[in-house]
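Beneath this line is the structure, given in structure tokens, with notes to follow.
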Amino acid sequence: MNLILESFKKKQIHTPIWFMRQAGRYLPEYQKIRSKYDDFMSLCNSVEDIVEVTLQPITRFDLDAAIIFSDILVIPQALGYKVEFKKNHGPQISGDIKDKEVNLSEKLKNCYQSINITRDKLAKKKALIGFSGAPWTLACYIFGKEKNYNDVKGLAYNKDKEFFEVFRVLTEKVYEHLRNQILNGADLVKIFDSWAGVLDSYHIEKLSFTPIKQIYHRLKEEFPATPIIIFSKDTATHNMGFNPDGLAFSYSENTELVLEKTDKDMCLQGNLDPIYLEIEDQDLVKNQVYKIMSSMKQRKHIFNLGHGINPRAKIENIEYVIDLVRGYKSE
Ligand code: CP3
């Protein structure tokens with residue numbers, strides 16, 4: 001039984017588990033592959049290594065889902081922007097859009113081919129997740145030079161023409177990228193709006209929820225059976241104006257309020273603070289995992305972190321959390 005896909009049906013029996021950024025620098029086997037590349041984005045373009053890195057956390061931890069190894073910044077790169085990861089800096093984007101009509105099926109074919117191959121290699125009971133950044137978060141990286149989100153907000157609030165033209169192109173490309181991933185074998189997809197929470201409430205609606213809802217409905221029309229999870233960071237208690245299949249929520253959210261404000265049939269995903277994967281005291285880890293499990297017992301729930309794993313995460317904490325979730329019995 002594919003526990004992740006079951007979680008979106010009427011009644012859930014077991015709580016599945018996977019981790020945001022589960023393939024990454026805390027894993028020695030990832031470091032080994034990573035060291036072959038100077039540039040992170042080149043790894044995201046190499047079919048054989050994408051497949052291997054995607055499967056590493058499944059092989060090691062037997063998690064319930066694999067997420068295709070890629071990055072949200074492949075879309076800006078495909079559009080012609082220059083994407084760089086410099087030491088001790090976040091991602092940096094420069095240049096301009098070269099081709100608004102870029103054919104993603106061609107430009108990102110290695111990503112789609114990797115999905116195809118990974119789906120074949122992965123056991124049927126494991127889900128393969130595809131993903132994309134949301135238009136707002138991608139715009140933050142494109143216009144935010146050196147993480148200055150106030151500049152990006154300024155452009156948006158000022159109704160800057162160029163900003164909104166790029167935003168329109170991004171909305172279209174995010175849709176196409178997710179569609180291509182589903183067509184190539186992704187069992188479900190997730191949309192990351194990691195920077196939604198920096199906006200005021202009017203613009204959360206306008207720049208986060210509205211385009212996501214549009215993309216969501218376009219995908220649903222063609223793929224009604226493919227679950228879609230939305231991660232709009234720090235906005236889980238807002239009214240999104242529609243009920244997605246799944247909502248991933250961050251560790252900073254008030255759980256009671258999330259439970260109260262979200263549709264009872266919606267599957268919730270989250271929300272352990274990744275710092276628990278670094279700390280020494282195992283009792284504290286156990287308390288927090290049990291607290292999350294207990295608060296979610298009336299709901300369909302996929303156990304996960306509230307944000308991505310940090311490079312300092314300890315393998316033994318990850319193993320411990322998985323055991324706790326799988327062994328959990330609610331009284
Ligand atoms: O979850 C997975 O295992 C799949 C792979 C995945 C990566 N990035 C790989 C990655 C996913 C789902 C992402 C999503 C992503 N990328 C998001 C949305 C989720 C979130 O964290 O909010 C964002 C905002 C990005 C942009 C990005 N890419 C950042 C901020 C960084 C970190 C920069 C740094 O050096 O810490 C990346 C790089 C990145 N993406 C790494 C990995 C494993 C680390 C780079 C490396 O290995 O050198």
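Keep in mind that what you see is a predicted model, and the values were worked out from it rather than measured. In each ligand, atom 1 is the first atom listed, and ligand 1 is the first ligand listed. Nothing fancy with the numbering, it's 1 onward along the sequence.
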Exercise for review: Between L43 and ligand 1, find which residue part has any heavy-atom pair under 4.0 Å and reply side chain, backbone, both or neither.
Suggested key: neither

Practice item. Select one of side chain, backbone, both or neither to describe which atoms of P311 lie under 4.0 Å from any atom of ligand 1, heavy atoms only. Key: neither

**Study point:** Identified side chain to side chain donor-acceptor pair (under 3.5 Å) counterpart of E172 within the set H177, K100, R218
**Key:** R218

Exercise for review: For the pair F163 and F143, name the ring-plane relationship: parallel under 30°, tilted 30 to 60°, perpendicular over 60°.
Suggested key: tilted

Exercise for review: Could you say whether the N/O atoms of T137 and ligand 1 ever approach to under 3.5 Å?
Suggested key: no

Review point. Taking the six-membered ring for Trp, are the ring centroids of Y251 and H307 within less than 6.0 Å of each other?
Key: no

Point to revise | Sub-4.0 Å atoms of ligand 1 with respect to non-hydrogen atoms of F85 | key: 28 (N), 31 (C), 37 (C), 38 (C)

Revision key, fill the gap. Ligand 1 to I67, heavy atom cutoff 4.0 Å, flagged ligand atoms 1 (O), 2 (C), 3 (O), 4 (C), 12 (C)

Exercise for review: Decide yes or no for D38 and S42: does some side-chain heavy atom of the first lie under 4.5 Å from some side-chain heavy atom of the second?
Suggested key: no

Exercise for review: Go through ligand 1 atom by atom and flag the ones less than 4.0 Å from a non-hydrogen atom of F69.
Suggested key: 9 (C), 43 (C)

Revision key, fill the gap. Among I309, T54, D71, L138, the residue with a heavy atom nearest to atom 26 (C) of ligand 1 is D71

**Study point:** H307, any N or O under 3.5 Å of ligand 1 N or O
**Key:** yes

Scan the side chains in residues 51-68 for donor-acceptor partners under 3.5 Å anywhere in the protein, sequence neighbours excluded, and list what turns up.
{"residue": "T54", "atom": "OG1", "partner": "I50", "partner atom": "O", "Å": "2.6"}
{"residue": "T54", "atom": "OG1", "partner": "F69", "partner atom": "N", "Å": "3.0"}
{"residue": "Q56", "atom": "OE1", "partner": "Y30", "partner atom": "N", "Å": "3.4"}
{"residue": "Q56", "atom": "NE2", "partner": "E29", "partner atom": "O", "Å": "2.9"}
{"residue": "T59", "atom": "OG1", "partner": "L55", "partner atom": "O", "Å": "3.0"}
{"residue": "R60", "atom": "NE", "partner": "E29", "partner atom": "OE2", "Å": "2.8"}
{"residue": "R60", "atom": "NH2", "partner": "E29", "partner atom": "OE1", "Å": "2.9"}
{"residue": "D62", "atom": "OD1", "partner": "K126", "partner atom": "NZ", "Å": "2.7"}
{"residue": "D64", "atom": "OD1", "partner": "R326", "partner atom": "NH2", "Å": "3.4"}
{"residue": "D64", "atom": "OD2", "partner": "I17", "partner atom": "N", "Å": "2.8"}
{"residue": "D64", "atom": "OD2", "partner": "R326", "partner atom": "NH2", "Å": "3.2"}

Check your understanding: Is F192 in polar range of ligand 1, meaning some N or O pair under 3.5 Å apart?
Key -> no

**Study point:** Numbered atoms and elements of ligand 1 in range of I68, under 4.0 angstrom, heavy atoms
**Key:** 4 (C)

Check your understanding: Heavy-atom contact under 4.0 Å between Y30 and ligand 1?
Key -> yes

Check your understanding: Any idea which atoms of ligand 1 are less than 4.0 Å away from a heavy-atom of Y141?
Key -> 24 (C), 30 (C)

Exercise for review: Enumerate the atoms of ligand 1 whose separation from the nearest heavy atom of A23 is less than 4.0 angstrom.
Suggested key: 3 (O), 43 (C)

Review point. With hydrophobic residues grouped by side-chain heavy-atom distances under 4.5 Å, do L108 and L219 end up in a single group?
Key: yes

Review point. Going from CD1 on I115 to CG on L122, what distance comes out if it is rounded to the nearest 0.5 angstrom?
Key: 12.0 Å

Point to revise | salt bridge (Lys or Arg N to Asp or Glu O under 4.0 Å) evaluation trace for K233 with D193 | key: CA-CA 6 Å; K233 190 163 181 286; D193 214 352; over 6 Å; no

Review point. Heavy atoms only: which of A134, G24, S250, S70 is nearest to atom 9 (C) of ligand 1?
Key: S70

**Study point:** Atom pair CD/CD1 of Q269 and I229 - distance to nearest 0.5 Å
**Key:** 4.0 Å

Exercise for review: Please determine if R34 has a nitrogen or oxygen closer than 3.5 Å to a nitrogen or oxygen of ligand 1.
Suggested key: yes

Review point. Under 3.5 Å, is there a donor-acceptor pair linking the side chains of Q282 and N317?
Key: yes

Practice item. Supply the atom-to-atom distance S132 OG to Y175 OH, rounded to the nearest 0.5 angstrom. Key: 13.0 Å

Practice item. List every atom of ligand 1 that sits less than 4.0 Å from any heavy atom of S194, numbering the atoms from 1 in the order shown and giving each element. Key: 18 (C), 19 (C), 20 (C), 22 (O), 24 (C)

Practice item. Would you indicate which of Q22, R21, R25, Q56 comes nearest to atom 44 (C) of ligand 1 when only heavy atoms are counted? Key: R25

